[in-house]
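Okay, structure first, notes after.
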Amino acid sequence: MLLWVEKHRPKTLSDLVGNPRTLARLSEWTLEFKQGEAKKKALLLHGPPGSGKTSAALALSDELGFELIETNASDVRTKDAVERKVGFAASLASLDPDSKGKIILIDEVDGIHGRSDFGGLAAVKKIIKSSKEPVILLANDAWGLPADFRALCELLEFKRIDRRAVLKVLKRIAASEGVEADEKALSIISSNANGDLRSAINDLQSLGQGGTVKISDVSSLFMRDSELSIFKALAQIFKTDSCDRAREAMFESDEDPETLFNWISENVPLEYGDPADLAQAYHYLSRSDIFLGRIRKRQDWRLLGYASDLMSCGVAVSKKKRYKKFVRYKYPQRFAMLARTRARRNLVGEISAKISRRCHVSTRLAASEFIPLLQNLFREVGRAAELSSYFGFSQKDIEFFQPDTAKKIHEIAEKISAERITPKTHQTSLF
Ligand SMILES: Nc1ncnc2c1ncn2[C@@H]1O[C@H](COP(=O)(O)OP(=O)(O)OP(=O)(O)O)[C@@H](O)[C@H]1O
Ligand SMILES: [Mg+2]
């Protein structure tokens, strides 16, 4: 028993749902490239999380019998590292005599743009220009990348997966996992996923462990109305240039200013990519915080208007231009959980890195989406041991999830690992 997102990852391009034309163009371009006919040397697959970009690239290499040289750009910090990991492999002939060729896959290219450690994107550019192999880049937000970088690539957009298609996949997975699921419950999970199949499947697994998914289970998982209204308010404050609209969003949200303050300050860095915008937004937030403090201490509610305006209008006008990207806003508690102690944070980092390698996701996503799922799955010792063996968790890692039974889980996991015959994977990892 492993993670369903991995177990049910589409094996072929035709297994993927949604975006049919994009998928057809993906194989067409790769073949054009191999015949020396491609106009661009790289393909940039972009679109929201969980829409099938990584899955498409994996299926493509599998179907064509190409070796995949894969790296996750956002986890590779510097120019040197990008070149070491990918550049070298790109210029090298294959060692595998059966290989029909290679595909260079660089995930999360939008993650390396604008970092303080320069040159990552420059290194990727160099690889595109010099590579003899097709280069496939993945990003959530293509429009945040510099125009001259985009000009090197053919852009292929992955759209959010349609709610009905998500539902179809969930039904198929539930049936194959022997989960008796209420149609209405699956339908709610599908709508809630907002086009992100990964999160829908993770939710299904989280709820379906007991063998059934009922409506009552679903309602416990999802956002309360008040949370939904926070998401709306955040989107409105972050996306608008108008003070009035930002203020309006705040009043319509029905949340108390302190709560809203936490949500805004937690999420503003996800939205505002430009450091100058972010600095300006935090400047207003810190002022707002001072007013909130005074209100708390002196119960002087006349100051509320200032606090509210600074956090809504102040943040809204801090950006020079509107960000078009899609942002999945986060619950502030998650960060509080990660921030509790440094040791714990380091451990979260290590665990996330292990998940990231196995599941082709960034460490950030591993922490926000997979750790909560594993926390749930670790309640049962046998399953915890299988997962630990799969991810290669140490006893310390296991203690993070299950402090009391970690030793036992670890012992069983070691046995499972010793017995397992390592399956041959279709891809080459340079890590
Ligand atoms: N189009 C799809 N058809 C079937 N399953 C899908 C599809 N898209 C996503 N999935 C499921 O969701 C999981 C995650 O998808 P994938 O890794 O391809 O997303 P992604 O677009 O690369 O997201 P991210 O931008 O976060 O990297 C897959 O393992 C698979 O189980
Ligand atoms: Mg991906």
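When a ligand or atom number is given, it counts from 1 through the structure's own listing order.
Note: no N/O pair closer than 3.5 Å links D15 and ligand 1 by distance alone.
One option in R9, H360, K168 has a heavy atom closer to atom 17 (O) of ligand 1 than any other, and that option is R9. Heavy-atom proximity to atom 5 (N) of ligand 1, evaluated over L197, D107, T54, is greatest for L197. Among A57, P10, A165, the residue whose heavy atom lies nearest to atom 30 (C) of ligand 1 is P10. Nearest to atom 27 (O) of ligand 1 by heavy-atom distance, out of E369, E108, H46, R198, is R198.
Atom 25 (O) of ligand 1 has as its closest protein heavy atom K53 NZ, 2.8 Å. The shortest contact between atom 23 (O) of ligand 1 and any protein heavy atom is with G50 N, 2.9 Å. Counting only heavy atoms of the protein, atom 1 (N) of ligand 1 lies nearest to V17 O, 2.8 Å. Annotation: atom 29 (O) of ligand 1 to nearest protein heavy atom, V5 O, 2.7 Å. From the protein, the heavy atom lying nearest to atom 16 (P) of ligand 1 is S55 OG, 3.5 Å.
When non-hydrogen atoms are compared, ligand 1 lies under 4.0 Å from the side chain of I161 (C-beta onward) but not from its backbone. Proximity of V361 to ligand 1, defined as any heavy-atom pair under 4.0 Å, is not found for any part of the residue.
Ion pair R9/E6 flagged as a salt bridge, since at least one NZ, NE, NH1 or NH2 atom sits closer than 4.0 Å to an Asp/Glu carboxylate oxygen. Salt-bridge formation is not detected for the pair K396/E399: no Lys NZ or Arg NE/NH1/NH2 atom is positioned less than 4.0 Å from an Asp or Glu carboxylate oxygen. Ionic pairing of E369 and R364 is not present here: no N-O contact between side-chain nitrogen and carboxylate oxygen is shorter than 4.0 angstrom.
Minimum interatomic distance between K125 and L152 (heavy atoms only, all atoms of both residues): CG-CD1, 3.5 Å.
Ligand 1 has I201 within reach: a non-hydrogen atom of the residue lies less than 4.0 Å from it. Residue contacts with ligand 1: G18 is excluded, as none of its non-hydrogen atoms falls under 4.0 Å.
Among the candidates K39, K40, R25, the single residue satisfying the salt bridge (charged side-chain N to carboxylate O under 4.0 Å, His left out) test with E32 is R25.
Annotation: side chain of K7 is in contact with side chain of E177 (closest heavy-atom distance under 4.5 Å). Side-chain contact between D62 and K11 is absent, with no heavy atoms from C-beta onward closer than 4.5 Å. Side-chain contact between K320 and D274 is present, with at least one heavy-atom pair separated by less than 4.5 Å.
Taking every heavy atom of P49 and a limit of under 4.0 angstrom, the matching atoms of ligand 1 come to 23 (O), 24 (P), 25 (O), 26 (O).
Distances from the Mg ion (ligand 2) show that T54 has an N/O/S atom below 2.8 Å.
Between W29 and F33, the angle of the ring planes lies from 30° to 60°, which puts this pair in the tilted group. Using a 30° and 60° split on the angle between ring planes, F378 and F393 fall in the tilted class, from 30° to 60°.
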